Amino acid sequence: MTDPRPMKPVLIEREERPDDPTPASVPPVPDLGMDLPAVRLVRPKGSALNRFALWAFGALFSFVLSVAAWTFVSDLLASNTILGWTAFTLVGLAVLAAVLLALREVLGFARMARIDHLRTRAEAAHDTLDIKGARAVVEGLEAIYAGRPELAEARARLAKRAPEVFDADGLLALAEQELLAQPDQAARREIEAAARQVATVTALVPLALADVATALYANVRMIGRIAQVYGGRSGTLGSLRLLRGVMTHLAATGALAVGDDLIHSVAGGGVLSRISKRFGEGVINGSLTARVGVAAMEVCRPLPFRALPKPKVTNLISRGLAGLFGAGEDGTGPR
């Protein structure tokens, strides 16, 4: 037969001792997150078979094109000397243009690799507090911006103050403040202009897929100009590679999702859509373009954002759309 009375908890009293630990005497819990390295995206290496297939098809296409051009020129030379030499000259100019374009792409990839390597060394020097590594990074920055007359005063201030700094964090922060403040402002203006262009076309052009084509063109152009601002001038293939890197960065950081900095833009787009649906869509597309621009700054910047604040999408899109209502370069319009 069971007891109908409810069960009660049993309390066991324990006598306090003077050596018992108290919340004040317990050591603090160590912050394990401070010593963990930054999460980086590991890009898988391409397949050897894919690289071999790409090389084989490229070599075959080049060989067929060369044989066809040679046959065309030789046939013209056999039938008409003037036309043959004209064709030979045009083929030679085309080959020269192809070589120059290829050289420009190679130099663009080399410049981007140089900036990527410099950013990696800066992160390593910051994590390990390596003052020698930090000074090497500063020297690399000065070499990149040596030909920029607008940064002459900044380089002079950095050269004067750098010997007085003896810790890696302070030296990298000083270099970031002196050498990257103006490029950051130029990159912000590029993002604002691209966001304004995308928003305007989306709002005013009713053609199907016009906003998609404009957004793609504006984003590729914006990424190329941001890379040029930070010293990583690139060609067509380099811009496409940068676009891939920016998209990978967005996917890796989860920035493709609608976050706090885009909620206000979405809300603003909803309010404006009551007045004009296309204008509301333009605000959203402009906000996405600004988000891509911020990611491009992080990818193309030779130093990560630490001493200087990273721009916010809401500020960029508000300033970019303010240009639609008459805000000039002097900043007299709404902000």
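What you see is a predicted model; the values in this text were computed from it and never measured.
Looking at heavy atoms from C-beta onward, I191 lies in side-chain contact with I226 at the 4.5 angstrom threshold. No side-chain heavy atom of T202 sits less than 4.5 Å from a side-chain heavy atom of T214. No side-chain heavy atom of L179 sits less than 4.5 Å from a side-chain heavy atom of I144. The closest side-chain heavy-atom distance from D167 to L129 is not below 4.5 Å. Inter-residue side-chain proximity for R161 and L174 is flagged as met; some heavy-atom pair is nearer than 4.5 Å. Put simply, the side chain of C300 does not reach to within 4.5 Å of the side chain of V229, judged on heavy atoms.
Scanning all heavy atoms of the two residues, the minimum distance from A125 to A134 falls at CB-N, 3.7 Å. The two residues M222 and T289 come nearest to each other via the heavy atoms CE-O, 3.6 Å. Heavy-atom minimum distance, V73 versus V91: CG2-CG2, 4.0 Å. Closest approach of R148 and G231 over heavy atoms only: NH1-N, 4.1 Å. Counting all heavy atoms, side chain and backbone alike, E150 lies closest to Q182 at O-OE1, 3.2 Å. Smallest separation of non-hydrogen atoms from A290 and V313: CB-CG1, 4.0 Å.
By the neighbour-count criterion of 12 heavy atoms within 6.0 Å, atom CZ of F305 is densely surrounded, having more than that number from other residues, nucleotides or ligands. For CG of L96, the number of neighbouring non-hydrogen atoms (other residues, nucleotides, ligands) closer than 6.0 Å is greater than 12. A 6.0 Å sphere centred on CD of E153 holds no more than 12 heavy atoms belonging to other residues, nucleotides or ligands.
Atom CG of residue L316 and atom CZ of residue R189 lie 12.5 Å apart, to the nearest 0.5 angstrom. Rounded to the nearest 0.5 angstrom, E142 CD and L151 CG are separated by 11.0 Å. Taking OG1 from T314 and CZ from R319, the interatomic distance works out to 12.0 Å, rounded to the nearest 0.5 Å. Atom CG of residue L308 and atom CD of residue E178 lie 10.0 Å apart, to the nearest 0.5 angstrom. The structure places CD1 of I223 at 14.0 Å from CD of Q228, a figure rounded to the nearest 0.5 Å. Rounding to the nearest 0.5 Å gives a distance of 8.5 Å between CZ of R188 and CD of E192.
In this structure, the side chain of E176 engages the main chain of A307 through a donor-acceptor pair within 3.5 Å. Between the side chain of R155 and the backbone N or O of Y145, at least one donor-acceptor pair lies under 3.5 Å. Side chain of N219 to backbone of A215: a donor-acceptor contact under 3.5 angstrom is found.
Hydrophobic clustering (side-chain heavy atoms under 4.5 Å, transitive across Ile, Leu, Val, Met, Phe, Trp, Tyr) keeps V198 apart from V294. The hydrophobic cluster containing L76 also contains W85, counting ILVMFWY residues as joined when their side-chain heavy atoms lie under 4.5 angstrom apart, directly or transitively. Tracing side-chain contacts under 4.5 Å through hydrophobic residues (I, L, V, M, F, W, Y), one never reaches L83 starting from W70; they form parts of separate clusters. Cluster membership for V99 and F88, using ILVMFWY side-chain heavy atoms within less than 4.5 angstrom, is shared.
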Hey, mind stepping through D184 and R301 against salt bridge (charged side-chain N to carboxylate O under 4.0 Å, His left out) and telling me if it holds?
CA-CA 9 Å; D184 285 347; R301 208 170 184 261; 2.8 Å; yes

